[in-house]
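Heads up, the thing below is written out as structure tokens.
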Number of protein chains: 2
Amino acid sequence: MSNCSHCIMKRFNALKTLTHDELERFSDHKTSLIIKKGENIMTEGNSINGLYCIQDGKCKLTKLNTNGKEQIIKFVKGGDILGHRSILSEEPVGLNATALEDMRVCFIPKGDILESIKDNPQFSLNLIKNISLQLSHANTAISQMAQKPVKDRLAETLLSLEEIFGVDNEDCIDVILTREEIANTIGTATESAIRLLSNLKKDGVIDLLGKKIKILNKNTLKNISEGY
Amino acid sequence: MSNCSHCIMKRFNALKTLTHDELERFSDHKTSLIIKKGENIMTEGNSINGLYCIQDGKCKLTKLNTNGKEQIIKFVKGGDILGHRSILSEEPVGLNATALEDMRVCFIPKGDILESIKDNPQFSLNLIKNISLQLSHANTAISQMAQKPVKDRLAETLLSLEEIFGVDNEDCIDVILTREEIANTIGTATESAIRLLSNLKKDGVIDLLGKKIKILNKNTLKNISEGY
DNA sequence: AAAAATAAATGATAAATGTCATAACTAGGA
DNA sequence: TCCTAGTTATGACATTTATCATTTATTTTT
């Protein structure tokens, strides 16, 4: 099995301040998992007894509303960690993490994490910063959901998806989402999302190649996202 | 000047795990402030070099959108603390905190807070839990803003305002908000908020006594908030 | 107390968005 | 390969929500 102290992921995520010894301890206790597309890594309301470190693959973090609709709160990819909020706050998981494609994930037991939190204040601070940043993003999202029309939110979301996932060798945003998932991200009906995507294509701002989306004019998209 | 170790606030908020000595240190360095209605305790984008402990009074936390609209993210009252997210994440303040009435506030310098974070892991954990809880609420808010109609959000907000501020001796929600502020909380136009409040009154679900709002039928309101 | 400014209320209308129906397309399994 | 189920696309229409105009009420200032 691979060794945490050699894992390139440790350079990218909140684990980067861990010492060699700490990483060795993680290695000894970690388990590697394959999560198939559509499966859940974590499920809303469940307890969790460790932290997930995403090696490879993409997933969506969602919340089921009282009206039965799914809201996508955040996208997560290789290098990100999951479950630390729940461990630190000692509360059940707040969101579903569902794989958008097959994923490789490491699970590190809670005990080892808490040990490092106690020993390594810098690690602890990194986790706090991570959660604080998420809170800051969430507040921005509340404001945008509440105040901006659907078209603006779609533009914003497309830019943000390219920011998060980058582009493939054909300059398309490097993630495959259904139209329904896009709608559940911006908070609108699937048909509305489809219609607005078609309009953006007609206006030459984006191109649609099946499920792949290519941004043709980033500036225009940015203007739309700000209401112009 | 009052002494932190005798302050009843210490029993309610995230400071409750501080030792007598720590509270004495806070006392020595703290400053007490009076914030008049309409003034800001903190301002979006500014740096902050301490933590505010609300003694008395209410304030709103807001965010200015790119389209110039104000979004109310959260309400804060006596016993709550402000500014800890910014201190911990070493980032500028993310929200404006504006007094809804005259307030009494204590300011505790950053140095003393960081000292306690280093010495007192339980205090540190309490702050993390506080931020985690805020994140959890924020995610719920995103989902509701994105998926629920204005009427449902208004019902939800009224219930939540009563939850936060309680009721006065006439059973009215114990906070004075303008219709515009209510609209900025649920994310709608002022006229829409007014209209929906009038409808709720006509249906006997609430009563409107000037700016004071009295909830007459909590169950109905709860049903509305869930889309029934 | 009167005047001025601000806030609340309401109607009329326009614009945005959701819902339903249906057709065209796509992808995965028999 | 064909077939089926799911997805995407589009039109027609209903509903929700925003905007503008105006009146009434309330608060603040003089």
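Below, all heavy atoms of this structure are taken into account, side chains as well, without hydrogens, waters or symmetry copies. Each chain gets a letter, A, B and so on, in the order the sequences are listed, and its residues count up from 1.
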Selection: residues 221-228 of chain A, any non-hydrogen atom under 4.0 Å of DNA chain D: none
Partner of Gln147(B) under side-chain hydrogen bond (donor to acceptor under 3.5 Å, both in side chains), chosen from Gln71(A), Glu70(A), Lys63(A): Gln71(A)
Would you call [X] and [Y] a salt bridge, taking side-chain N to carboxylate O under 4.0 Å as the test?
X	Y	answer
Glu162(A)	Lys218(A)	yes
Lys60(B)	Glu181(B)	yes
Lys58(A)	Glu101(A)	yes
Lys212(B)	Asp168(B)	yes
Lys222(A)	Glu226(A)	yes

Pair Ser136(A), Asn139(A): side-chain N/O donor-acceptor within cut-off below 3.5 Å: no
Ring geometry between Phe107(A) and Tyr52(A) (parallel below 30°, tilted from 30 to 60°, perpendicular above 60°): tilted
Interface limits on DNA chain C, where chain A has a heavy atom under 4.0 Å of a nucleotide atom: dT17(C) to dC20(C)
Test side-chain contact (heavy atoms from CB on, under 4.5 Å) applied to Asn199(A) and Val205(A), step by step: CA-CA 9 Å; Asn199(A) 290 349; Val205(A) 184; over 6 Å; no
Step-by-step salt bridge (Lys or Arg N to Asp or Glu O under 4.0 Å) determination, Asp102(B) to Lys36(B): CA-CA 4 Å; Asp102(B) 292 357; Lys36(B) 304 291 282 183; 3.4 Å; yes
Under 4.0 Å protein heavy-atom contacts per nucleotide of nucleotides 8-21 of chain D, with B for base, S for backbone only and - for none: SBBBB----SBBB-
